[in-house]
Amino acid sequence: MDRYEPQEIEKKWQKAWEEAEAYRTEADPSRPKFYALEMFPYPSGNLHMGHVRNYSIGDVLARYKTMEGFNVMHPMGFDSFGMPAENAAIQHGVRPGDWTYSNIENMERQQKSMGLSYDWEREVKTCDPSYYKWTQWLFELFYKRGLAYKKKASVNWCDTCGTVLANEQVIDGKCWRCDHEVHKKDLSQWFFKITDYADRLLKDLEKLPGWPERVKTMQENWIGRSEGLEFSFDIPELGEKLPVYTTRADTAFGVTFIALAAEHPLLEKILKDNPKAAEIEAFCKKVRNQSEIERTSSESEKEGVATGIYAVNPFNGKKAELWVTNYVLAEYGTGAVMGVPSEDSRDWMFAKKYDIPIIITLAPKDRELKLEEMTEAYTDKDGVLVNSGKFDGMEMHEALAAIMDEAEEKGFGKRRVNYRLRDWLISRQRYWGAPIPVINCPHCGEVLVPEEDLPVRLPENVSFEQGAVSPLAQCEDFVHVKCPKCGADATRETDTMDTFICSSWYYLRYTDPKNDKEPFSKDKVNYWAPVDQYIGGIEHAILHLLYSRFFTKVLHDEGMVDFEEPFTNLMTQGMVLKDGSKMSKSKGNVVSPEEIIGKYGADTARLFILFAAPVDRDLDWSDQGVEGAYRFLGRVWRILLRYEDAIKAAPATYDVASLSKEEKDFRRVLHQTIKKVTEDIRDRFMFNTAVSSIMELVNAFYAMEGKDMAAGLVRETAEALVKLLAPFAPHITEELWHRLFAGTGSVHQAKWPQVDESALEVDTIEVVLQINGKVRDRVTLPANADRKAMEEAVMALPKAKQHIEGKEVVKVICVPKKLVNIVVK
RNA sequence: GCCGAAGUGGCGGAAUUGGCAGACGCAGUGGACUCAAAAUCCACCGCUGGCGACAGCGUGCCGGUUCAAGUCCGGCCUUCGGCACCA
């Protein structure tokens with residue numbers, strides 16, 4: 001018998017599969033489909049362990065579903081636009097395209113060395129003109145639907161990356177990619193109107209039972225829906241109305257000031273002829289110069305300046321002074337907030353600092369509030385209204401509704417829903433992305449590039465210099481064009497699109513990757529999509545997963561797809577750690593997949609990574625654990641090849657009834673394993689326990705060695721074992737399959753083993769004896785033992801007699817086929 | 001502050017519906033094979049006490065429900081993650 005040599009076996013089968021195009025799939029409406037998808041990678045150049053984990057999980061599922069008879073699509077591609085390619089150009093003088101494609105080549109080689117069942121014919125690369133042509137086409141679709149627009153706004157700017165960022169790409173005030181602090185800039189930029197879909201993006205989360213709760217919660221928080229009242233104060237001095245937004249309309253009688261954002265549009269009028277203009281302007285300037293982190297921290301001191309101008313509260317006619325403050329956000333609500341110090345903690349702090357009056361309007365039921373004793377605002381949504389005119393005595397929630405009704409009836413206010421979600425800023429001042437297909441004409445204004453002229457290709461003759469702004473803007477050949485409408489001299493838009501646009505629809509392109517007439521055909525996309533199981537890291541919980549949901553809804557509204565959600569089931573895998581922390585170059589704790597695969601083979605790497613922890617939990621890499629996985633595969637190899645001759649000579653069917661008790665016991669383990677592995681993969685996503693139960697089966701198989709075993713049973717065991725292990729360790733199982741069952745094709749196309757329910761039947765059971773809930777003994781009884789028989793058998797045990805002696809039996813509880821608990825006093 | 005997840009041997013983890021806590025693997029200990037080693041195969045392996053049979057304790061902490069709780073309920077603690085001046 002030869003040794004298990006993974007390097008030889010794996011190369012051999014990878015080549016065979018590639019030559020046979022073993023994993024090609026075509027749409028076939030007569031068969032049930034399964035779309036398994038792992039998040040496609042950015043081509044950084046090398047796979048890391050997170051990729052290995054991601055792909056291993058997806059591959060198990062894809063192979064298992066294939067064996068269950070599904071028409072499985074399992075594609076791979078590259079999210080290949082983005083900053084690193086441009087940085088490489090700046091630092092090393094390589095062209096972004098060359099850098100990217102050579103990285104892709106290397107990563108494909110590494111992916112192929114893992115033995116993944118990808119249909120490479122479906123591969124997409126987002127930086128390829130055949131792909132970004134359709135990304136541009138989709139931009140135009142959004143534009144035509146009124147969902148893409150350009151506006152001047154205060155936007156997030158990252159100096160290091162030399163570009164603007166979307167809100168979702170600012171993490172704790174820092175750039176998601178380079179971790180440098182972001183600051184605000186007033187720029188004219190392109191946006192996608194994701195806010196039009198805020199409500200549906202929130203509501204439809206309910207339609208995703210197959211998504212982890214925490215991801216849905218994160219999206220909920222991000223969308224941030226609130227219901228409230230928008231109503232207007234009169235400013236007689238300026239002849240203006242000032243709208244404010246509040247979720248606590250019940251506190252409207254407690255307003256003692258109005259807080260304005262430092263960017264509020266009314267400031268211009270306020271400053272005019274104002275004796276305090278200089279002071280106010282200085283304050284606004286100071287606030288605007290603060291960083292985002294300072295400005296949005298709830299810790300920072302609340303500050304402001306009084307304007308000397310008063311607004312009139314429409315509810316009670318009382319005057320409230322306008323203050324310009326540092327704690328009101330210009331972008332949320334109306335940029336102006338009614339100040340109610342008694343019931344809002346920020347307003348409280350502000351009023352205390354500047355000696356603004358405070359009026360209590362809500363009285364808790366269980367105690368009495370006294371202004372002079374209060375140290376903070378009363379923010380509980382509980383109590384009865386006071387000092388609120390005709391609403392006095394009303395319960396808080398009742399009053400909230402009544403006060404909003406009043407505003408609507410009298411016409412100075414309206415109920416409104418507000419979202420935290422902002423429109424998606426999609427333009428980037430960078431080169432390596434899909435150009436925005438717009439031409440600016442002095443006569444016609446914004447003009448879309450005609451469809452027949454797509455794609456707008458990236459020019460190659462550009463220069464990359466450190467700190468240079470937008471290489472495209474400097475490329476004269478690119479910039480100057482004729483207007484498609486009137487033929488006048490015009491200029492191209494020189495911004496490119498956020499790479500998250502490219503990745504918002506790639507899973508749809510996989511269904512029809514070579515289509516040059518449209519992004520994808522309706523028939524194909526509706527056969528394959530939505531994705532049945534999506535697998536990726538939790539870091540995309542908001543960014544990619546929210547954007548993709550948005551895209552799908554827009555395409556649904558356009559009639560291009562029949563479904564409204566792109567990913568039916570989502571699995572967020574845990575991170576791969578080493579010594580308790582994330583693998584990183586700076587910590588020097590990186591384990592290279594290539595090395596591990598070179599040393600032990602891909603089957604071992606895959607098996608270990610799936611066995612060591614549940615897929616959704618963080619996994620601590622262990623070199624010794626890898627050895628264990630390798631040893632296990634060796635055990636499988638040896639025992640099956642020791643039985644090689646017997647298996648080949650054995651009949652395909654045999655008489656199960658004539659097996660000995662020992663053989664039947666073993667066969668029960670075999671079928672229990674089939675049942676468990678099937679359920680663990682199909683229903684529970686518990687690959688670690690699936691692997692451990694296969695290990696138990698192998699241990700039981702070893703225990704049978706040297707004992708009589710019917711040839712038919714050995715064959716049945718070998719066949720099931722190889723199949724059960726096939727999704728996890730595809731190469732060794734393919735090799736064993738061909739050696740033991742030559743002429744039956746690939747194990748990966750074989751039918752998944754079926755459980756023989758009759759094999760699971762037992763003729764004896766072990767019954768546990770408990771005294772007062774403590775286990776004292778066990779007894780083996782016939783499987784059909786009834787309650788009475790169980791109790792009698794248990795009572796007869798010496799242990800039972802010993803513990804009952806001298807005591808009174810209060811109660812006897814009998815759980816059929818399991819245990820008898822005797823309660824004594 | 002709000003929301004979410006987790007806490008089990010020396011370690012990774014298992015226990016799916018309230019019914020034998022610690023499956024499987026790693027590490028460790030002992031043995032077989034070997035001139036020897038590696039590899040392999042077999043056995044033991046929560047803590048405390050006891051030569052032992054055995055007894056007691058044990059799933060973050062405190063309390064509760066139950067014949068029976070890792071699992072259910074109430075109250076905490078710790079860790080991780082998300083959101084956070086959103087009016």
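Every chain is numbered from 1 and lettered A, B, ... according to where its sequence line falls, protein lines coming before strand lines.
At the heavy-atom level, A:V815 lies under 4.0 Å from base atoms of the strands shown. Residue contacts for A:R422: at a heavy-atom cut-off of 4.0 Å it reaches a base atom on one of the strands shown. A:R214 comes within 4.0 angstrom of the backbone, heavy atoms only, and of no base. Residue contacts for A:V328: at a heavy-atom cut-off of 4.0 Å it reaches a base atom on one of the strands shown. As judged by a 4.0 angstrom heavy-atom cut-off over every strand, A:D347 is placed among residues making no nucleic acid contact. Counting non-hydrogen atoms under 4.0 angstrom, A:S622 reaches nothing in the nucleic acid. Backbone-only contact: A:K774 has heavy atoms under 4.0 Å from sugar-phosphate atoms and none from a base. Residue-level contact check: A:M686 touches the backbone only, with heavy atoms under 4.0 Å from sugar-phosphate atoms and none from bases. Looking at heavy-atom distances under 4.0 Å, A:K799 makes contact with sugar-phosphate atoms alone, never a base. When heavy atoms are screened at a 4.0 angstrom cut-off, A:N418 is found touching no nucleic acid atom at all. Backbone-only contact: A:G628 has heavy atoms under 4.0 Å from sugar-phosphate atoms and none from a base. Using a 4.0 Å heavy-atom criterion, one finds that A:E679 contacts no nucleic acid atom at all. At the heavy-atom level, A:N326 lies under 4.0 Å from base atoms of the strands shown.
Nearest to the side-chain atoms of A:W222 among the listed nucleotides B:A84, B:U16, B:A87 stands B:A84. Checked against B:A87, B:G81, B:G13, the side chain of A:M218 finds its nearest nucleotide in B:G81. In the set B:C83, B:C20, B:A23, the nucleotide with an atom closest to the side chain of A:S692 is B:A23. Checking B:G13, B:G19, B:C83 against every side-chain atom of A:K818, the shortest atom distance belongs to B:G19. Closest approach to the A:V775 side chain among B:A21, B:G13, B:G4 is made by B:A21 (side chain taken as heavy atoms from C-beta onward). If you check B:A23, B:C26, B:C83 against the side chain of A:Q624, the one that comes closest is B:C26. Listed candidates were B:A14, B:C26, B:G12. Nearest to the side chain of A:T689 is B:A14.
Taking every heavy atom of both residues into account, A:F608 and A:S622 meet most closely at CZ-N, 3.7 Å. Taking all atoms of both residues into account, the shortest heavy-atom contact from A:T673 to A:V669 is OG1-O, 2.7 Å. Looking at every heavy atom in both residues, A:V255 comes nearest to A:A320 through CG1-CB, 4.1 Å. Nearest heavy-atom pair across A:I765 and A:K817 is CD1-CA, 3.7 Å.
No side-chain heavy atom of A:I771 sits less than 4.5 Å from a side-chain heavy atom of A:K807. Between A:N156 and A:L425, every side-chain heavy-atom pair lies at or beyond the 4.5 Å cut-off.
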Would you tabulate the pairs of protein nitrogen or oxygen atoms and nucleotide nitrogen or oxygen atoms of nucleotides 6-10 of chain B closer than 3.5 angstrom?
none

Sub-3.5 Å pairs of nitrogen or oxygen atoms, protein against nucleotides 37-40 of chain B:
{"from": "B:U40", "atom 1": "O3'", "to": "A:R638", "atom 2": "NH2", "distance (Å)": "3.3"}

Taking only nitrogen or oxygen atoms into account, show me every contact under 3.5 Å that the protein makes with nucleotides 66-69 of chain B, one pair per line with its distance.
{"from": "B:C67", "atom 1": "OP1", "to": "A:K811", "atom 2": "NZ", "distance (Å)": "3.0"}
{"from": "B:C67", "atom 1": "O2'", "to": "A:N821", "atom 2": "ND2", "distance (Å)": "3.1"}
{"from": "B:C67", "atom 1": "O2", "to": "A:N821", "atom 2": "ND2", "distance (Å)": "2.7"}

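With sequence neighbours left out, A:K353 forms a side chain to side chain donor-acceptor pair (under 3.5 Å) with A:E301. Scanning for side chain to side chain donor-acceptor pair (under 3.5 Å) contacts around A:E791 gives an empty result, with sequence neighbours left out.
Checked against the 6.0 Å centroid threshold, A:F728 and A:F632 do not count as a close aromatic pair. Remark: aromatic rings of A:F350 and A:F257 are close, center separation under 6.0 Å. Ring centroid separation for the pair A:F412 and A:F233 does not come in under the 6.0 Å cut-off. Between A:F231 and A:F315, the distance separating the two ring centers is shorter than 6.0 angstrom.
In this structure, A:I171 CD1 and A:Q169 CD are separated by 8.5 Å, a value rounded to the nearest 0.5 Å. For the atom pair CD (A:Q802) and CG (A:D777), the distance works out to 10.0 Å, reported to the nearest 0.5 Å. Between atom CD of residue A:Q573 and atom CG of residue A:D618 there is a gap of 10.0 Å, rounded to the nearest 0.5 Å.
Look at CE on A:M704: it is 18 Å from C1' on B:C41, rounded to the nearest Å. When the C1' atom of B:A87 is taken as reference, atom CG of A:L362 falls 16 Å away, rounded to whole Å. Residue A:F687 contributes atom CZ, which lies 17 Å from atom P of B:G13 at whole-angstrom precision. The CE atom of A:M695 sits 10 Å away from the C1' atom of B:C26 (whole-angstrom rounding). Rounded to whole Å, atom P of B:G12 lies 16 Å from atom CE of A:M575. Regarding A:I771, its CD1 atom lies at a distance of 12 Å from the P atom of B:G56, rounded to whole Å. For the pair A:L577 CG and B:G12 P, the interatomic distance rounds to 12 Å; values are reported in whole Å. For the pair A:D618 CG and B:G81 C1', the computed distance is 10 Å after rounding to whole Å.
For A:N688 and B:C24, the shortest distance from a side-chain N or O to OP1 or OP2 is not below 4.0 Å. Contact annotation: A:Y327 side-chain N/O to B:A87 OP1/OP2 distance is not under 4.0 Å. Put simply, A:R420 has no side-chain N or O that comes within less than 4.0 Å of OP1 or OP2 on B:G82.
Taking the O4'-C1'-N9-C4 or O4'-C1'-N1-C2 dihedral as appropriate, B:G9 has a value within 90° of 0 and is therefore syn.
Projected onto RNA chain B by closest heavy-atom contact, A:R248 and A:G625 fall at different nucleotides, the more 5' of which corresponds to A:G625. With the nearest nucleotide of RNA chain B identified for both A:E213 and A:P614, A:E213 has the one nearer the 5' end.
Looking at A:E539 and A:W176, their side chains never bring a donor and an acceptor atom within 3.5 Å of each other. Donor-acceptor pairing under 3.5 Å is recorded for the side chains of A:T195 and A:D423.
At a cut-off of 3.5 angstrom, the base of B:C85 holds at least one donor-acceptor pair with the side chain of A:K302.
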*Stepwise salt bridge (Lys or Arg N to Asp or Glu O under 4.0 Å) test for A:K286 and A:E303*: CA-CA 11 Å; A:K286 184 182 130 195; A:E303 292 178 341; 3.0 Å; yes
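Look at the P atom in both B:G60 and B:A69: the space between them is 15 Å, to the nearest Å.
For RNA chain B, runs of at least 3 consecutive pairs of the Watson-Crick or G-U wobble type, with both hydrogen-bonding distances under 3.5 angstrom, map to B:1-7 with B:77-83, B:10-12 with B:24-26, B:28-32 with B:40-44, B:46-49 with B:54-57, B:60-64 with B:72-76.
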